[in-house]
Amino acid sequence: MSIPLVDLKAQYETIKADVDTAIQSILSSSNFILGQEVAMFEEEFAGFCGAKHCVGVNSGTDAIYLALRTLGIRAGDEVITVSHTFIGSTEPIGLLGARPVFIDIDPDHYTIDYAKVEEAITRHTRAILVVHLYGSPADMGSLMQIARKHSLMVVEDCAQAHGATLNGKHVGTIGDIGCFSFFPGKNLGAYGDAGAIVTNSSELEQKIRMLRNHGRLGKYQHDVEGINSRMDALQAAVLRVKLRHLPTWSDSRRRIAAKYTEQLNETTGIVLPCTPPGAQHAFHLYVVRVSHRDKLMDKLKSAGISSGVHYPIPLHLQPAYNHLGYSKGSFPITEMTCEEILSLPIYPELSDGQIAEIVDVLMQHLDS
Ligand SMILES: *Cc1c(COP(=O)(O)O)cnc(C)c1O
């Protein structure tokens, strides 16, 4: 018996009848782009987040691009963010001709260290891109204070944080714009690429609606050059079925995380994830830290258990960002984290028996 890192097939089996019907109804209507289905998803997802508006787009990366562009980020601007994330967070900054300015992370939660933001601010800084990595909400209270003091805009990358809250507020609704990915493996995943932005500003919402659809106002009136980043109706139909299950699935993820933590609490040689004060963690990933990570991954693999590393090479050491001039040692906490992190299997269908099996293998190799 092998245990995957995520199991999308197991999830499909639980919702097959509803998903198949929803897809069939789109095929019958033959309205494939935007339209009623996407509009209904946008309304439901805005409701889920407690945001005034939601705009469905093509991917999480596009959501961030559209958010930054709508906020006026352009060539020569600087956006403060972290190196410890997926490149989809930062590609949009470069696409706009702006420059990502990396800072180090908080060693306990692996998200942006707000205490390092102010020293990174220059006269070119326009925004902070906050990543709620692994589903753990960053310290938005402190970040918003700094942002307001320096008139910076705040974009939240919630690609891994569907269902995460901070003091009762859904992530993505605290800064100026929240960006979500519905890549299949995310906590809310489509059956292809999709994404969304949420905001409480109708002005920003209108701009994003226009930009995602060729800068259109009417059918053939284009006020600006936009892009094609429309959500398709098949994805919206799948997402609408899954959204109904998301609260239960999020609870399951938190229950699984609690089980791991409870069973590994006494084990030495492993650092377990912790939830920040006032936060509800979305546990997109359950990430531990161990000193001989690659060896432990091999042991798990031999026992039929998949694990992952999110992410092994920090962005400041990626060839794609050579031109930014960072080097090894630039962000010690990020670099140490990348060497030690290990993502254990977590998905709502993971059984107690499977968790016990994973914990068993870990204990065998950690305590020895
Ligand atoms: C998945 C992801 C993205 C990009 O989303 P896509 O839908 O794949 O474009 C951006 N940021 C983070 C943190 C992600 O995990």
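The first residue of the sequence shown is numbered 1, and numbering continues consecutively from there. Ligands are counted one by one from 1 in listed order, and the atoms in each one are counted from 1 as well. This is a predicted model, so every value here is computed, not measured.
- Every residue two or more places apart in sequence or in another chain was checked for a side-chain hydrogen bond (donor to acceptor under 3.5 Å, both in side chains) with Ser25, and none qualifies.
- Under the 4.5 Å side-chain heavy-atom criterion for grouping Ile, Leu, Val, Met, Phe, Trp and Tyr, Ile177 is not connected to Phe41 through any hydrophobic cluster.
- In this structure, Phe182 has its ring center closer than 6.0 angstrom to the ring center of Phe45.
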His281/Thr275 under side-chain hydrogen bond (donor to acceptor under 3.5 Å, both in side chains): CA gap, chis, key distance, verdict | CA-CA 6 Å; His281 200 303; Thr275 300; 5.2 Å; no
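- His310 and Tyr134 have their aromatic ring centers separated by at least 6.0 angstrom.
- Residues with a heavy atom under 4.0 Å from ligand 1: Ser59, Gly60, Thr61, Thr85, Phe86, Gly88, Ser89, Val131, Asp157, Ala159, Gln160, Ser181, Lys186, Tyr311.
- Side-chain rings of Phe48 and His170 approach one another, their centers coming within less than 6.0 Å.
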